[in-house]
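Working notes, beginning with the structure itself.
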Amino acid sequence: MAAADPSSTAGDHVPHDRVAEITRFEDSKLGVKGLVDSGLGAIPGFFIHPAETLSSLRPGRPGVDLIPTIDLAGADSDRRAEIVERVSRACRELGFFQIINHGVPVEALDRAIGAVRAFHEGPPEEKAGMYTRETKTGVSFFSNIDLFQSKAASWRDTLQIRLAPTLPSLEDIPEVCRSEVVEWNQHIQQLGSLLLGLLSEGLGLDMGRLEGLTCLGTRIMVAHYYPYCPEPDRTVGIASHTDPGVITLLLQNHMGGLQIKKDEEWVEVEPVPGALVINVGDILQIISNDEYKSVEHRVLANPSKEPRVSIAVFCNPSNREDSFGPIPELISPQKPALFQQFLFTDYLRRFFAKELDGKSLVNFYRL
Ligand code: OGA
Ligand code: NI
């Protein structure tokens, strides 16, 4: 998922009483946490997912042996070749990996999670005052980016902050997390640059190639809060989707529930202390001409009283007027371009017109 879009409209397929229920929820401006705080014992009907989703909701296969945790120590020196090889393999086979010794101090990870949690657990009237689907100021609070497009809503709330090309005015960032957001952005910028270098080399390209395409130029932070769900067997925390951007850098707290789809089977992305989760987005799959894979993932609804908190930063190209498509060096007679060229603005418009779902966007541009 990604940034909220003001131009989204209600889907035509939704029956009227459902629209009324969703609208009441939206107008409360209190999100899912507001429902939980009101003490409800059952989830409202519009959160209930279709039977085929519900029948797949169970802890996934343990991922520890499958999803690599890559130690980045020495990435700028003696271990670079080995690290590039591991990152490249993970992006080709799974589209997901975890990293440790990534240069972001453990205290900064804890501070970021703590600050996001403090925001979501702060005064409801302050959050309600920020509740919006507009992105004008670069800061917004809402529940379910695709509330009006999806078949069923999911059990989470989101604080979204634009980090780049420019941070919002500092006074627009909630005070409880202001310094932490500024600090997080600095860490993510540095780490994002290191990762894009490794990812470029993993494709056999110069280290600066992806950054040269402005792949780090737009960064959107989405800070999710997955409160206790009284009926975790009837809904999800975030529905199965792929991320639209280039790469996502994700910090999750220790609660678990993130799963990726591998050969039609769900696999857990277990929280690793001190680690960040990195995944390939649709744009990177396209510009890498299918070398790297953007993989479906989801989060189960949280059955515990303790909240699940996560912070994703989506990196997107900032150059929106140029056309994008497979990088020329990755096209050859043996491997022709598998995708058409397109404008990034067109791509985003298509993303926001639909619900979070599987791989429809990648396939739309496939030749
Ligand atoms: C997302 C996402 C996972 C998480 O925001 O796109 O996949 O752990 N989040 O919150
Ligand atoms: Ni995602």
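Note that this is a predicted model, so its numbers are computed, not measured. Atoms within a ligand are numbered from 1 in the order they appear, just like the ligands themselves.
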Flag the pair [X] / [Y] as yes when their ring centroid distance falls below 6.0 Å, and as no otherwise.
{"X": "F47", "Y": "W155", "value": "yes"}
{"X": "Y347", "Y": "F364", "value": "no"}
{"X": "F142", "Y": "Y131", "value": "no"}

Quiz item: Considering residues, nucleotides and ligands other than E175, do more than 12 of their heavy atoms fall under 6.0 Å from its CD?
Solution: no
Ligand 1 versus [X], non-hydrogen atoms closer than 4.0 Å: side chain, backbone, both, neither?
{"X": "V277", "answer": "neither"}
{"X": "D243", "answer": "side chain"}
{"X": "H297", "answer": "side chain"}

Exercise. Could you say whether the N/O atoms of H224 and ligand 1 ever approach to under 3.5 Å?
Key: yes
Practice problem: Before giving the answer on ring-ring contact (aromatic ring centres under 6.0 Å, His included), spell out for Y365 and F339 the whole-Å C-alpha distance, their side-chain angles and the decisive distance to 0.1 Å. | Solution: CA-CA 5 Å; Y365 291 106; F339 301 93; 8.4 Å; no
Exercise. Please identify which atoms of ligand 1 are closer than 4.0 Å to at least one heavy atom of F314.
Key: 1 (C), 5 (O), 6 (O)
Quiz prompt | For S310, atoms of ligand 1 separated by under 4.0 Å from a heavy atom | solution = 4 (C), 8 (O), 10 (O)
Quiz item: Taking atom 8 (O) of ligand 1 as the point of reference, which of R308, E296, Q252, M255 owns the nearest heavy atom?
Solution: R308
Self-check item: Any H241 heavy atom less than 4.0 Å from ligand 1
Solution: yes
Exercise. Spell out, as yes or no, whether a donor-acceptor pair under 3.5 Å connects the side chain of T214 to the backbone of N319.
Key: yes
